[in-house]
Student: 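Have a look at the structure that comes next, please.
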Amino acid sequence: MRDGQKTARIVLLVCISAMSFYLLGKGISVLREDGWRKGKSMAASACLQAGEAALSLYLPQSVYEEEQSGWLQELAGWAREQLPFFTFFAGTEEKNVVEDDTTIQAMIEENEKRIAERIQEENSRKAEEESRQPEDVPETETPAEQETAASPELQPVAEIPVENLQNYEYLLNEFFVVDPNTVTDAAQLNAGTFLEKDLTLERDSAQPQILIYHTHSQEGFADSVEGDVNTTVIGVGEHLAQILRDQYGYQVIHNMDSFDLVDGVLDRSKAYDYALPVIQQILEENPSIQVVIDLHRDGVNEDTRLVTDVNGVPTAKVMFFNGLSKTAEDGELGYLPNPYIEDNLAFSFQMEYEAKQYFPDFTRCIYLKGYRYNLHLRPRSVLLEVGAQTNTVEEAMNAMDPFAYILNKVLQGS
C-alpha cells in the first residue's frame with residue numbers, strides 16, 4: 001500500500017511539473033502576442049483547470065459541489081494551498097473604479113454646457129445696448145447714479161409677442177433651462193398662469209418686507225479681497241439692500257451669517273440645512289417679510305465672462321434658480337414639500353419677463369433643478385445667481401441696479 005501511494009505521488013508530481021512547463025511556455029507565447037494582462041488571465045485559467053484536474057486525480061472525492069461541505073472540503077482546501085498558482089491568482093479580478101461625478105463642479109459644468117449657446121447669442125447684442133445709453137446726464141454723476149436717475153423713466157426696448165408665450169418650446173428656449181436631474185412639462189411652465197398671478201406688494205417702509213441672505217456666503221469674485229466680506233456676495237447683497245431702501249423705499253433685513261463655513265471648514269453641501277432654522281426664525285420674528293432673496297454667484301469655466309452693458313456700465317449677468325422638489329429618477333420628493341412652487345416660478349418668470357423687455361441682455365435664464373433650496377418659506381422666494389467667479393466685484397455691484405428695478409416693477413405691478 002505504501003509503494004502504491006509513493007507511486008501515485010510521483011505520478012502527480014510529474015504531471016504537475018509537466019503542466020507547469022506547459023503553462024510557462026504558453027504564458028510566454030501569450031505575453032508576446034497580447035501583453036501581461038491577457039497572459040496572466042489565461043495562465044490563471046489554465047492553472048486553475050490543471051489544479052482541479054490534479055485534485056480530481058489525487059483526491060477525486062474533493063470535487064463535490066460546494067453544498068457537500070465537511071472534511072473532504074477542508075482537505076480540498078489544504079490541497080489547493082499546496083498549489084502555488086491557486087494562491088497567486090486568487091483575487092486578481094480587476095474592477096473598474098467609476099468616479100462620482102455628482103459634485104458641485106459637475107453641476108457647474110452641466111449648467112454652463114446647457115446655457116453656453118444662449119450666452120453667446122446674448123453677447124452679440126452688447127453693441128445694441130451701448131447705443132441706448134441715456135443722453136444729457138450730468139458729468140458729475142457716477143454710473144450708478146446715472147442708472148438710478150434713469151430708472152423711473154425707462155421704457156421697454158424689446159417686445160415679446162403674447163402668442164410666443166403660449167408656445168412651450170419657445171418658453172424652454174428663451175426663458176428656462178431644465179437640469180437633467182429633474183423634469184417638467186407644459187402644464188407646469190404656463191406663462192399665462194405665471195403672468196396672471198398677483199405678486200404685488202403694498203410698500204410699507206415702517207416694517208421689514210424683504211429679506212436678503214446668502215446660503216453660500218463665502219462666494220467671491222475675480223478681484224475679491226481675502227477677509228473682506230464687502231468684496232464677496234455679502235457686499236453685493238448689502239449694496240442691493242441699500243438700493244431697495246434708499247431708492248425704492250423698502251425696509252430690508254440683510255442677514256450676513258455664514259452657513260457654508262462651520263468651525264473654519266468650508267462645507268457647502270450642508271449649508272442649506274444650516275441656513276433653514278435661522279431663516280425660519282427671522283421670518284417668525286418678522287411676519288411682515290414677503291420677499292426672500294438668497295443671493296449667490298455662479299461658478300463657470302475660467303474662460304467664460306458673464307458680463308453685459310447696461311446703459312454703458314459693465315454689468316454681471318444674473319440667473320434665476322428654482323427648485324421643483326422633483327427628480328427625474330425619483331419623481332415628486334415628498335420629504336421636500338414646497339406649497340409655493342408655482343408662486344416661486346411665477347415670481348422668477350415675471351422678473352425674467354420684465355428684464356427681457358427693459359434689459360434684454362441682462363438675465364441668462366431661469367434654471368430649474370430637482371430639489372427645494374429653502375424656497376418653500378415664502379411665495380415670493382428666489383435664488384439669485386449674480387455673475388460668477390470670473391466677474392469683478394464692480395460688475396456684480398452694478399447688476400444690483402437693474403435687478404432692483406425689475407424686482408420693484410413686479411412688486412408694484414407697474
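Below, each value reflects all heavy atoms present in this structure, side chains not excepted, and no hydrogens, waters or symmetry copies. No experiment lies behind these values; they were computed from the predicted model shown.
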Student: Between Val382 and Asn344, is any pair of side-chain heavy atoms under 4.5 Å apart?
Tutor: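 Side chain of Val382 against side chain of Asn344, heavy atoms only: no contact under 4.5 Å found.
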
Student: Between atom OH of Tyr168 and atom CG of Asn190, what is the distance when rounded to the nearest 0.5 Å?
Tutor: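 Result: 11.0 Å between the selected atoms.
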
Student: Might you point out which heavy atoms bring Thr232 and Val229 nearest each other, and give the distance in Å?
Tutor: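 Scanning both residues completely, I find the closest heavy atoms to be OG1-O, 2.7 Å.
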
Student: Between Thr200 and Gln412, what is the shortest heavy-atom contact and its length?
Tutor: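 Shortest heavy-atom contact: CG2-C, 4.1 Å.
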
Student: Measure the CG-CG distance between Asp298 and Leu384 for me, rounded to the nearest 0.5 Å.
Tutor: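 Going from the CG atom of Asp298 to the CG atom of Leu384 covers 10.5 Å.
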
Student: How long is the straight-line distance from NZ of Lys317 back to CD of Glu385, given to the nearest 0.5 Å?
Tutor: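 Between Glu385 CD and Lys317 NZ, I get 15.0 Å after rounding to 0.5 Å.
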
Student: Under 3.5 Å, is there a donor-acceptor pair between the side chain of Asn408 and the main chain of Ala404?
Tutor: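 No, Asn408 side chain to Ala404 backbone: no donor-acceptor pair under 3.5 Å.
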
Student: Do Val236 and Phe221 have side chains that get closer than 4.5 Å, going by heavy atoms?
Tutor: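 They are in side-chain contact.
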
Student: Do the side chains of Arg297 and Asn391 get nearer than 4.5 Å, heavy atoms only?
Tutor: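 When only atoms from C-beta onward are counted, Arg297 and Asn391 do not touch, as no gap falls below 4.5 Å.
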
Student: At their closest point, which heavy atom of Cys365 faces which heavy atom of Glu352, and how far apart are they?
Tutor: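 What the structure gives for the nearest pair is CA-OE2, 3.8 Å.
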
Student: Side-chain contact test, heavy atoms from C-beta onward, threshold under 4.5 Å: evaluate it for Leu266 versus Arg268 and give yes or no.
Tutor: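 Of all side-chain heavy-atom pairs linking Arg268 with Leu266, at least one is under 4.5 Å.
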
Student: Lys270: what forms a salt bridge (charged side-chain N to carboxylate O under 4.0 Å, His left out) with it, not counting sequence neighbours?
Tutor: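 Partners of Lys270 by the salt bridge (charged side-chain N to carboxylate O under 4.0 Å, His left out) criterion come out as none, since no residue qualifies.
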
Student: To the nearest 0.5 Å, how far apart are CD1 in Ile341 and NE2 in His376?
Tutor: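 The distance works out to 11.0 Å.
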
Student: Distance from Leu295 atom CG to His239 atom NE2, nearest 0.5 Å?
Tutor: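 Between Leu295 CG and His239 NE2, I get 11.5 Å after rounding to 0.5 Å.
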
Student: What residue pairs, at least two apart or across chains, pass salt bridge (Lys or Arg N to Asp or Glu O under 4.0 Å) with a residue in residues 200-226?
Tutor: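 Pairs touching residues 200-226 that pass the test: none.
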
Student: Not counting sequence neighbours, list each pair that qualifies as a side-chain hydrogen bond (donor to acceptor under 3.5 Å, both in side chains) and has a residue in residues 324-333.
Tutor: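 Sorted pair list comes back empty.
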
Student: Check Pro208 against Gln251 and note the closest heavy-atom contact, atom names and distance.
Tutor: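 Heavy atoms of Pro208 and Gln251 come nearest at CD-OE1, 3.3 Å.
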
Student: Tell me, please, which residues at least two apart from Asp273 pass side chain to side chain contact (heavy atoms under 4.5 Å, CB included).
Tutor: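 Scan of Asp273 (side chain to side chain contact (heavy atoms under 4.5 Å, CB included), adjacent residues dropped) gives none.
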
Student: Quick one: are the ring centres of Tyr367 and Phe320 less than 6.0 Å apart?
Tutor: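 No, the ring of Tyr367 stays outside the 6.0 Å limit from the ring of Phe320, centre to centre.
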
Student: Please give me the minimum heavy-atom distance between Val233 and Ser217, naming the atom from each residue.
Tutor: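 Between these two residues, the closest heavy atoms are CG2-O, 3.7 Å.
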
Student: Evaluate the criterion side-chain contact (heavy atoms from CB on, under 4.5 Å) for residue pair Asn164 and Leu171; output intermediate values, then yes/no.
Tutor: CA-CA 8 Å; Asn164 287 357; Leu171 291 179; over 6 Å; no

Student: Could you go step by step and tell me if Tyr371 and Asn181 meet the side-chain hydrogen bond (donor to acceptor under 3.5 Å, both in side chains) rule?
Tutor: CA-CA 9 Å; Tyr371 299 98; Asn181 88 325; 4.7 Å; no

Student: Under the salt bridge (Lys or Arg N to Asp or Glu O under 4.0 Å) definition, can you give me all pairs with a residue in residues 180-199, not counting sequence neighbours?
Tutor: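 Only Lys197-Glu342, Lys197-Asp343 qualify under salt bridge (Lys or Arg N to Asp or Glu O under 4.0 Å).
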
Student: Checking Tyr373 against His296 for the ring-ring contact (aromatic ring centres under 6.0 Å, His included) test, could you report, in this order, the C-alpha distance in whole Å, the side-chain angles of both residues, the deciding distance, and whether it holds?
Tutor: CA-CA 12 Å; Tyr373 309 100; His296 296 241; 8.9 Å; no

Student: Under 6.0 Å between the ring centres of Phe349 and Phe194?
Tutor: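 Ring-ring flag for Phe349/Phe194: true, centres closer than 6.0 Å.
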
Student: Would you say the side-chain atoms of Thr182 pair up with the backbone N or O of Asp179, donor to acceptor, closer than 3.5 Å?
Tutor: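 Not confirmed, Thr182 side chain does not pair with Asp179 backbone.
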
Student: For residues Leu345 and Leu324, determine if any side-chain heavy atom of one lies less than 4.5 Å from a side-chain heavy atom of the other.
Tutor: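 Touching, per the 4.5 Å side-chain cut-off.
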
Student: Are Arg364 and Leu306 close enough that some pair of their side-chain heavy atoms sits under 4.5 Å apart?
Tutor: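 Contact flag for Arg364/Leu306 side chains = yes.
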
Student: Do the side chains of Glu395 and Arg305 get close enough for a salt bridge, i.e. N-O under 4.0 angstrom?
Tutor: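 Between Arg305 and Glu395 there is a salt bridge, with a charged N closer than 4.0 Å to a carboxylate O.
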
Student: His214 and His254: aromatic ring centres closer than 6.0 Å?
Tutor: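 For His214 and His254, the ring centres are under 6.0 Å apart.
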
Student: Quick one: does Gln357's side chain have a donor or acceptor within less than 3.5 Å of a partner on Tyr353's backbone?
Tutor: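 Yes; judged by distance alone, with no hydrogens or angles, the pair exists.
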
Student: Within the supplied structure, the quantity of interest is the number of heavy atoms (other residues, nucleotides, ligands) at a distance under 6.0 Å from Glu163 CD; does it exceed 12?
Tutor: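 Check passes, neighbour count above 12.
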
Student: Taking it one step at a time, do Val291 and Arg378 satisfy side-chain contact (heavy atoms from CB on, under 4.5 Å)?
Tutor: CA-CA 7 Å; Val291 178; Arg378 286 291 188 273; over 6 Å; no

Student: Can you find a heavy atom in the side chain of Arg380 that is under 4.5 Å from one in the side chain of Leu411?
Tutor: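 A side-chain contact exists here, since the closest heavy-atom pair is under 4.5 Å.
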
Student: Within the side chain of Asn322, is there an N or O that forms a donor-acceptor pair under 3.5 Å with the backbone of Ser348?
Tutor: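 It does not hold such a pair.
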
Student: Glu354: what forms a salt bridge (charged side-chain N to carboxylate O under 4.0 Å, His left out) with it, not counting sequence neighbours?
Tutor: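 Not a single residue meets the salt bridge (charged side-chain N to carboxylate O under 4.0 Å, His left out) criterion with Glu354.
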
Student: Could you walk me through whether Phe259 and Tyr272 pass side-chain contact (heavy atoms from CB on, under 4.5 Å), step by step?
Tutor: CA-CA 7 Å; Phe259 304 112; Tyr272 288 96; over 6 Å; no

Student: Given Asn255 and Ile212, is the side-chain contact (heavy atoms from CB on, under 4.5 Å) satisfied, shown in steps?
Tutor: CA-CA 6 Å; Asn255 179 274; Ile212 301 172; over 6 Å; no

Student: Would you mind reporting whether Gln350 and Leu199 have side-chain heavy atoms less than 4.5 Å apart?
Tutor: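 Of all side-chain heavy-atom pairs linking Gln350 with Leu199, at least one is under 4.5 Å.
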
Student: Could you tell me whether the side chain of Asn167 and the main chain of Glu169 form a donor-acceptor pair under 3.5 Å?
Tutor: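 Indeed, once roles are kept as given, a pair shorter than 3.5 Å links the two residues.
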
Student: Work out which heavy atom in Val183 is nearest to a heavy atom in Ala328; give both atom names and the distance.
Tutor: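 Reported closest heavy-atom pair: CG1-CB, 4.0 Å.
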
Student: Kindly compute the distance separating CD1 (Ile366) from CZ (Phe321), expressed to the nearest 0.5 Å.
Tutor: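 CZ of Phe321 is found 12.5 Å from CD1 of Ile366.
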
Student: Could you give me the CA-CA distance, side-chain angles and deciding distance for Asp309 and Thr315, then say whether side-chain hydrogen bond (donor to acceptor under 3.5 Å, both in side chains) is met?
Tutor: CA-CA 6 Å; Asp309 289 336; Thr315 304; over 6 Å; no

